[in-house]
Number of protein chains: 2
Amino acid sequence: MAEKDICEVKCMESEKVKEVKRQMLREEEVNRLSGTFSILSDSTRVKIIFALSKEELCVCDIAYLLNLSISAVSHQLRVLRNARLVKYRKQGKMVFYSLDDEHISTLFNEGLKHIRE
Amino acid sequence: MAEKDICEVKCMESEKVKEVKRQMLREEEVNRLSGTFSILSDSTRVKIIFALSKEELCVCDIAYLLNLSISAVSHQLRVLRNARLVKYRKQGKMVFYSLDDEHISTLFNEGLKHIRE
DNA sequence: ATCATAGTTGAGCAATTGTGCAACTGTAAA
DNA sequence: TTTACAGTTGCACAATTGCTCAACTATGAT
């Protein structure tokens with residue numbers, strides 16, 4: 001990031017580059033964008049989101065479906081809760097989770113379309 | 001992930017859960033999906049993809065725009081190359097990069113729509 | 001051939017992240 | 001109240017990741 005690392009051709013002072021610089025995303029937008037994608041960048045969370053896109057499920061159901069510990073699932077559900085991607089409903093000792101963001105399904109399905117070409 | 005961790009309510013043997021299990025994504029799909037999202041989960045790569053969605057740029061241009069070292073940018077460009085999200089064109093000593101995947105722009109813009117509500 | 005420059009690459013480091021473990025909360029049944 | 005169970009949480013640790021540094025390749029100019 002030192003000035004010396006920048007090439008001397010001055011290509012970066014062209015109109016083209018200035019225009020890109022002008023349009024560049026703000027730091028906050030970049031962070032929210034990469035943050036959103038990073039939630040979907042883990043295979044456990046992908047499986048959870050897929051499962052919840054089909055049915056409302058309790059923590060135990062999810063652990064069973066993913067063959068993972070209750071603890072691991074709960075940790076990931078917290079991530080999804082913090083990101084407001086899932087909501088939950090308590091019923092006795094059990095907690096039922098479901099998706100709480102229509103955008104995320106769209107994003108998720110766009111990703112599916114991508115990998116399926 | 002031990003059996004003991006699974007609850008004893010047998011909720012996971014309901015028809016509902018069996019049906020989700022039947023529809024569940026294959027491991028390979030899950031990995032490709034989370035892999036795709038993980039490429040977009042880093043703010044540096046988000047900026048690079050955004051910049052390249054506007055213009056074809058050389059490594060130096062990108063480093064200048066992102067205020068990062070040539071090396072750091074080159075490392076990230078390799079990630080994008082390996083994922084076949086960018087292509088490059090050599091011209092003398094310089095290397096010009098551009099997007100090489102129409103899907104990724106769609107996914108990217110869907111993400112933008114998400115954060116902008 | 002020699003030198004300078006644009007970019008690549010591997011090693012190493014610091015920061016982040018996913019999961020297991022164990023202790024904890026809260027609800028229900030005995 | 002006591003006990004059991006569904007789920008949560010903090011800590012620790014291993015694995016991954018992004019960047020720097022320095023050495024390297026490749027191209028062009030002298």
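It should be emphasised that the depicted structure is a prediction, and the values quoted were computed from it without experimental measurement. Each chain gets a letter, A, B and so on, in the order the sequences are listed, and its residues count up from 1.
- By the side chain to side chain donor-acceptor pair (under 3.5 Å) test, Arg116(A) pairs with Glu29(B), sequence neighbours left out.
- Nucleotide dT9(C) holds its P atom 14 Å from the CD1 atom of Ile70(B), rounded to whole Å.
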Exercise. Produce a footprint string for nucleotides 22-30 of chain D: one letter per nucleotide, 5' end first; B if the base is under 4.0 Å from any protein heavy atom, S if only the sugar-phosphate is, - if neither.
Key: B----BS--
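- Under the side-chain contact (heavy atoms from CB on, under 4.5 Å) criterion, Glu110(A) pairs with Lys113(A), Thr106(B), Leu107(B), Glu110(B), sequence neighbours left out.
- Side-chain heavy atoms closer than 4.5 Å link hydrophobic residues (I, L, V, M, F, W, Y) into clusters, and following such links, even through other members, never connects Tyr88(B) to Val79(B).
- When heavy atoms are screened at a 4.0 angstrom cut-off, Tyr97(A) is found touching the sugar-phosphate backbone but no base atom.
- When side chains are defined from C-beta on, Tyr97(A) does not count as touching Leu57(A), because their heavy atoms never get closer than 4.5 Å.
- Nearest-nucleotide mapping onto DNA chain C: of Val59(B) and Arg78(B), the residue sitting toward the 5' end is Val59(B).
- An OP1 or OP2 oxygen of dT9(D) is reached within less than 4.0 angstrom by a side-chain nitrogen or oxygen of Arg81(A).
- Checked against Ser34(B) for a side chain to side chain contact (heavy atoms under 4.5 Å, CB included), the options Asp42(A), Val46(A), Thr44(A) give a single hit: Val46(A).
- In this entry the distance linking CZ of Arg89(A) with P of dA6(D) reads 17 Å, nearest Å.
- Residues passing the side-chain contact (heavy atoms from CB on, under 4.5 Å) test with Arg78(B) are His75(B), Arg81(B), Asn82(B), sequence neighbours excluded.
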For nucleotides 16-19 of chain C, print each protein N/O atom paired with a nucleotide N/O atom at under 3.5 Å, atom names and distance only.
residue : atom : partner  : partner atom : Å
dG18(C) : OP1  : Arg45(A) : NH1          : 3.2
dG18(C) : OP1  : Arg45(A) : NH2          : 2.8
dG18(C) : OP2  : Arg45(A) : NH1          : 3.3
dT19(C) : OP1  : Thr44(A) : OG1          : 2.8
dT19(C) : OP2  : Gln76(A) : NE2          : 2.6

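- Gln76(B) pairs by the side chain to side chain donor-acceptor pair (under 3.5 Å) definition with Arg45(B), not counting sequence neighbours.
- Rounded to whole angstrom, the span from the CD1 atom of Ile62(B) across to the P atom of dG18(D) amounts to 16 Å.
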